[in-house]
Amino acid sequence: MEQQPYNKTPEEEERFVEEQFNDLLEGYLASNHRKKVEIIKRAFSFAKEAHKGVRRRSGEPYILHPIAVAKIASQEIGLGSTSICAALLHDVVEDTEYTVDDIEQHFGKKVAQIVEGLTKISGGIFGDKASAQAENFRKLLLTMSEDIRVVLIKMADRLHNMRTLGSMAPNKQYKIAGETLYIYAPLAHRLGLFAIKTELEDLSFKYEHPGEYERISNLIRQSESGREMVYNDFASPILERLDAMGITYEAKARLKSVYSIWRKMDTKHIPFEEVYDLYAMRIIFDAPEGVSEKEMCYKIYVALTDLYRPHPDRTRDWIANPKANGYQALHVTLMGPDGNWIEVQIRSRRMDDIAEKGFAAHWKYKIGESEEEGELNVWLKTIKDILDDPTPNAIDFLDTLKLNLFSSEIVVFTPKGELLTLPAGATVLDVAFSLHSEIGVHCIAGKVNHKLVPLSHRLASGDQVEVLTSQSQGPKSEWLNFLATAKARTRLRKELRRVQQPFIDKGKEIFDTFLKENDIILNNSVMTKILGTYHVLSRDELFLKLGNGEISIDDYLNVNTSKGARSLVSRLFRLGFGGDKKNDDKSRSKATVTAGGNPGKINTKETYVLRFTDKESNFAFAECCRPIPGDEVMGFITDDGGVEVHALTCPRAQVLKASYGPRILATKWDEVAGKFLASIRIEGIDRHGILQELTRMISTALNIDIRRLNIEAEKEVFTCDLGVLVSSTADVNDLCRKVLKIQGVKRADRVR
């Protein structure tokens with residue numbers, strides 16, 4: 001995992017930098033962009049001089065990073081000279097004495113605007129504080145709506161950082177991999193950058209789960225020859241048919257990425273051998289003159305279905321209805337000669353470019369304000385709707401965005417035949433809000449395919465949806481539980497705030513009066529602790545509960561402190577939530593954590609060992625995932641200075657890594673003496689006496705204590721949920737392996 005040590009002489013280094021830049025230039029000259037070499041050379045010289053003497057953590061000269069980012073922007077995303085210059089200069093304003101005005105003077109207004117946009121969002125999407133995270137992400141999206149090239153270059157920057165992540169400390173790797181998987185990969189997906197999305201996912205997975213990554217990579221290598229044989233048997237008749245039709249085409253097998261294979265194994269609880277759709281076949285054709293791409297796609301589809309039986313529910317026409325990120329193709333899943341289903345993707349050369357390089361490829365084809373770019377503008381308008389929300393909680397803000405970043409899509413129709421593209425899982429209420437805020441807040445029910453349904457009814461592709469409203473209806477906070485679109489959630493929150501504003505104002509008045517009477521001055525850090533104490537996400541929520549009488553700040557202080565308000569404030573300061581940033585960092589460094597059983601200073605750069613001794617320790621296992629020895633784990637420093645231990649696969653851990661990077665600890669298990677509760681699910685064919693066999697094997701043969709058992713049988717099939725005490729994941733794996741040998745048991749897996 002570690003990068004190779006950097007040890008070049010100054011002369012070798014100079015030659016290497018020139019070679020890398022010449023490689024960038026050669027790639028640019030091979031593209032069909034206008035050849036503006038002179039300005040690129042000037043940008044390189046300018047950046048090289050500005051970063052002179054500066055080195056990356058790996059030891060190499062810093063200028064290699066801007067060159068690599070420019071190369072990705074040019075050769076992997078397909079951008080032109082303006083973007084190459086901006087990529088070469090993207091860290092100059094941030095890291096040197098030069099200003100945006102200097103960039104404009106030397107390279108023109110457009111390059112300067114892109115560099116300024118990149119500087120605004122420097123240091124990644126996320127800062128040290130939650131409010132800063134939301135603000136930085138808002139800046140990213142605002143600059144993205146002004147010039148999409150800003151976010152495309154940012155994506156290239158992140159991809160190079162991920163490719164060189166090996167030189168970072170483990171906790172930094174967790175943080176950067178976590179936010180990449182949580183935000184950057186979905187953003188790449190939404191922009192149609194399929195190749196970059198796949199690589200970002202694989203690299204994140206490689207650093208979060210190195211053991212699993214290596215194991216699956218080895219299994220892929222070992223199964224290569226058998227896979228090739230199966231593919232050739234399947235593809236040969238297809239290639240013969242396409243040749244006979246006189247089509248100019250390219251056919252290739254696209255292997256599933258390591259991350260997507262692991263995701264399928266993890267979510268479906270299946271071994272590698274049962275992931276049958278390891279690859280898909282892709283046919284990329286050149287449409288002959290006078291024949292439309294759409295017509296060619298359907299001709300090839302007919303030829304394929306003459307050869308093999310298509311799956312009735314797995315044909316996807318992304319040509320008639322392109323995805324919101326511009327993706328077009330015709331997907332058909334066919335039964336191969338070995339009895340397994342294989343997906344075939346049919347695309348034109350233009351469709352393939354857009355699928356791999358996203359919206360950047362539109363410039364190559366000079367198609368102007370096409371249908372696909374129109375879809376991008378619709379999405380950016382949705383982003384602007386979310387940005388109109390003045391005070392979102394950072395985590396909530398990112399989650400809302402994620403709803404529209406990485407969702408599968410469905411297409412529904414209004415009674416007048418208007419087509420609406422929505423995320424999978426969208427409800428009648430999502431449709432109401434997508435039409436207009438007023439329709440959303442007054443929605444009482446819907447008619448789907450002429451049948452009356454509730455607001456929470458989830459829609460399927462092809463549904464016809466009519467929204468029913470009433471002026472007596474008003475917005476309800478529980479609606480947030482079943483809305484699937486970011487636009488609807490944002491609009492609903494705005495309406496709820498309007499209704500709740502009088503109570504919020506009253507609560508703020510109560511809070512301010514209390515502070516004044518007790519002569520208390522609170523800063524943001526102390527306020528954050530108070531919000532956590534009351535289990536509310538924002539100041540407005542705190543003020544709302546105070547205003548409508550749900551909570552009382554006087555009652556809290558009377559119950560929880562012996563010396564009143566000043567006691568609370570001083571206690572918060574001791575926990576590291578007071579003072580300016582400098583003092584805050586200093587007080588945090590004095591907080592103690594049991595690392596290896598001994599109290600010591602928390603140092604996020606170290607890897608902490610989870611030891612179990614008689615001494616009091618301040619780490620606790622998160623209830624959301626309940627890790628056990630053998631699971632890959634990470635620590636999260638909580639508000640009170642303790643450490644919460646999560647499994648790396650835990651969804652909550654993903655959010656924490658993306659949002660609170662500086663509070664992540666690299667942790668590992670020590671040799672542990674103790675028992676941990678693990679949940680096991682067993683499924684199989686029911687028969688008389690099978691429960692007795694199961695319990696005897698677990699408690700007697702394996703000597704494992706059962707703490708919970710629930711078994712249900714429906715007709716011929718049974719499901720058994722077990723809670724067992726184990727020492728490590730090795731015990732769980734042994735249990736599952738041996739239980740599978742019992743006649744009738746078809747599946748045994750740990751449930752997280």
Side-chain angles (χ1 to χ4, degrees), residues 141 186 189-190 313 316-327 371-372 374-389 392 396-499:
L141 295 166
H189 170 84
R190 204 61 174 77
D313 300 323
R316 300 284 180 267
D317 187 348
W318 301 114
I319 298 171
N321 296 307
K323 289 188 179 184
N325 60 15
Y327 179 84
E371 183 184 350
E372 291 85 6
E375 285 282 1
L376 175 64
N377 288 333
V378 168
W379 184 62
L380 290 178
K381 187 174 180 300
T382 300
I383 297 299
K384 286 176 179 174
D385 276 351
I386 298 164
L387 295 172
D388 287 340
D389 192 1
D396 193 47
F397 178 71
L398 296 174
D399 280 343
T400 300
L401 243 301
K402 205 164 168 15
L403 285 174
N404 266 25
L405 283 178
F406 213 171
S407 55
S408 302
E409 292 162 343
I410 60 170
V411 176
V412 298
F413 300 89
T414 66
K416 292 181 180 178
E418 182 188 347
L419 183 147
L420 297 173
T421 303
L422 298 166
T427 62
V428 170
L429 192 57
D430 283 299
V431 171
F433 273 107
S434 71
L435 296 172
H436 197 280
S437 291
E438 281 298 303
I439 297 174
V441 296
H442 296 303
C443 182
I444 53 170
K447 279 187 177 178
V448 174
N449 305 326
H450 309 291
K451 182 184 173 185
L452 195 65
V453 295
L455 296 179
S456 57
H457 178 81
R458 300 208 179 274
L459 303 169
S461 257
D463 281 348
Q464 186 189 66
V465 186
E466 182 183 350
V467 176
L468 306 179
T469 60
S470 166
Q471 286 305 308
S472 62
Q473 178 72 294
K476 294 180 171 59
S477 55
E478 57 264 30
W479 288 356
L480 287 166
N481 296 330
F482 55 79
L483 284 173
T485 60
K487 179 188 284 188
R489 293 174 76 90
T490 305
R491 289 182 170 180
L492 174 58
R493 282 201 191 94
K494 196 178 291 184
E495 287 300 317
L496 286 170
R497 256 200 312 280
R498 187 178 61 77
V499 172

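Listed here is the closest heavy atom pair of Ser434 and Arg491: O-NH1, 4.2 Å. Residues Cys443 and Leu429 share a closest heavy-atom pair of CB-CD1, 3.9 Å. In this structure, Leu483 and Arg489 approach most closely via the heavy-atom pair O-NH1, 3.5 Å. The two residues Phe482 and Arg458 come nearest to each other via the heavy atoms O-NH1, 3.7 Å. Contact between Asp430 and Ala488 at its shortest, heavy atoms only, is OD1-CB, 3.5 Å. Nearest heavy atoms, Thr427 versus Leu459: O-CD1, 3.7 Å.
Across Val441, Ile439, Ile444, a single residue satisfies side chain to side chain contact (heavy atoms under 4.5 Å, CB included) together with Thr469, and that is Ile439.
Rounding to the nearest 0.5 Å gives a distance of 10.5 Å between NE2 of His442 and NE2 of His436. The CG atom of Leu422 lies 7.0 Å from the OG1 atom of Thr485; values are rounded to the nearest 0.5 Å. With rounding to the nearest 0.5 Å, the separation of OG in Ser477 from CZ in Arg493 is 11.0 Å.
With sequence neighbours excluded, the residues forming a salt bridge (Lys or Arg N to Asp or Glu O under 4.0 Å) with Glu495 are Arg498, listed by chain and number.
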Under 3.5 Å, sequence neighbours excluded: what are the donor-acceptor pairs made by side chains of residues 449-456?
residue: Asn449; atom: OD1; partner: Gln464; partner atom: N; Å: 2.9
residue: Asn449; atom: ND2; partner: Asp463; partner atom: OD1; Å: 3.1
residue: His450; atom: NE2; partner: Gln464; partner atom: OE1; Å: 3.4

